[in-house]
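The structure under discussion appears below in the form of structure tokens.
Counting from 1, the numbers follow the sequence of the chain as shown. Note that this is a predicted model, so its numbers are computed, not measured. Both backbone and side-chain heavy atoms feed into the values below; hydrogens, waters and symmetry mates do not.
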Amino acid sequence: MATVVLKPNANGDRQEWNWLVGAPTQWQAWLTNDGDTSYAGASWPYDNLVSLFRLDSLPGDVLPGSITNVLVQTICKRTNSSLAIVNVHLKTGGVEYSSGNQFFSNTTYVGFTSGWGLNPQTGVAWTIAEVNALQAGAQLGTNFWGTICTQVSVTVTYTAVALPTTTTQA
């Protein structure tokens with residue numbers, strides 16, 4: 001099995017988060033986990049806000065029918081110790097899906113992940129075109145104060161296939 005990590009390269013269809021520090025756009029704030037240098041987030045009284053991001057495309061060695069899993073990860077923390085909710089979120093084929101409520105109260109950064117072995121819209125294996133069109137992010141539910149996130153990425157697992165080689169003889 002081989003993996004490739006896809007990073008944000010543009011804002012997606014939904015940008016609902018209400019504050020941002022350290023970067024000119026939300027996708028740039030979510031590009032790397034740089035702690036409290038750049039991040040985006042949601043704070044009370046705003047709740048269940050979703051931000052989605054477009055991602056890099058798959059490399060050329062991913063072949064049709066070889067994708068076995070799409071794992072979305074985000075890294076978030078609370079700005080105080082009250083309870084918050086993070087839902088890993090993705091959009092494929094015009095439909096949004098969420099991983100379900102992941103409750104936490106950490107004031108240090110924590111990773112949240114959810115994987116989809118099959119495309120949730122079609123119920124069959126992911127295609128290259130579907131992964132290349134995928135948007136990923138998170139839905140934040142706040143309970144009092146705020147939640148901030150500093151990274152989103154998508155790890156695609158696929159079966160690497162050795163391509164045939166040719167030899168020219170005299």
Side-chain angles (χ1 to χ4, degrees), residues 3-59 67 69-121 126 130-157:
T3 61
V4 62
V5 177
L6 308 177
K7 297 283 190 166
N9 63 18
N11 288 340
D13 293 344
R14 289 176 75 180
Q15 294 294 301
E16 297 176 352
W17 292 16
N18 57 331
W19 48 281
L20 163 72
V21 172
T25 65
Q26 280 198 25
W27 76 267
Q28 290 169 322
W30 276 53
L31 190 57
T32 60
N33 180 13
D34 58 9
D36 291 333
T37 303
S38 63
Y39 55 83
S43 62
W44 184 86
Y46 305 101
D47 206 9
N48 297 317
L49 301 177
V50 175
S51 282
L52 291 168
F53 306 94
R54 298 183 191 284
L55 305 161
D56 295 331
S57 293
L58 291 168
I67 299 169
N69 193 51
V70 171
L71 179 76
V72 180
Q73 178 180 8
T74 185
I75 297 175
C76 302
K77 78 173 186 175
R78 292 288 296 150
T79 57
N80 64 27
S81 60
S82 62
L83 188 64
I85 302 168
V86 172
N87 296 321
V88 175
H89 212 73
L90 66 79
K91 182 176 181 178
T92 178
V95 180
E96 293 181 25
Y97 299 90
S98 183
S99 67
N101 293 339
Q102 299 184 51
F103 296 94
F104 79 109
S105 60
N106 294 53
T107 55
T108 58
Y109 285 101
V110 177
F112 298 91
T113 61
S114 191
W116 287 267
L118 302 174
N119 182 322
Q121 183 188 29
W126 290 93
E130 290 166 346
V131 173
N132 285 342
L134 186 68
Q135 294 181 39
Q139 178 183 30
L140 296 183
T142 61
N143 187 7
F144 309 108
W145 310 106
T147 305
I148 60 176
C149 297
T150 185
Q151 184 179 23
V152 67
S153 62
V154 173
T155 301
V156 179
T157 304

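With sequence neighbours left out, Trp126 forms a side-chain hydrogen bond (donor to acceptor under 3.5 Å, both in side chains) with no residue at all. Take Thr150 and apply the side-chain hydrogen bond (donor to acceptor under 3.5 Å, both in side chains) test, not counting sequence neighbours, and it matches Asp34. For Trp27, there are no ring pair (Phe, Tyr, Trp, His ring centres under 6.0 Å) partners, not counting sequence neighbours. Residues satisfying the side-chain contact (heavy atoms from CB on, under 4.5 Å) test with Leu58, not counting sequence neighbours, are Val4, Leu6, Val62, Ile67, Ile128, Val131, Asn132, Val156. By the salt bridge (charged side-chain N to carboxylate O under 4.0 Å, His left out) test, Glu130 is found to be paired with no residue, residues two or more places apart in sequence or in another chain being considered.
The salt bridge (Lys or Arg N to Asp or Glu O under 4.0 Å) analysis of residues 81-91, with sequence neighbours excluded, yields the pairs Asp13-Lys91.
You'll find the side chain of Lys7 reaches within 4.5 Å of the side chain of Gln151, heavy atoms only.
Between the side chain of Asn11 and the backbone N or O of Phe53 there is no donor-acceptor pair closer than 3.5 Å. Between the Glu16 side chain and the Val50 main chain, a donor and an acceptor come within less than 3.5 Å of each other.
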Problem set entry | Worked verdict on Asn119 versus Tyr97 for side-chain hydrogen bond (donor to acceptor under 3.5 Å, both in side chains) | CA-CA 10 Å; Asn119 182 322; Tyr97 299 90; 5.5 Å; no
Problem set entry | side chain to side chain contact (heavy atoms under 4.5 Å, CB included) assessment of Lys77 paired with Asp36 | CA-CA 10 Å; Lys77 78 173 186 175; Asp36 291 333; 3.1 Å; yes
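When every heavy atom of Cys149 is checked against every heavy atom of Leu140, the shortest pair comes out as SG-CD2, 3.9 Å. Nearest heavy atoms, Gln15 versus Ser51: CA-OG, 3.7 Å.
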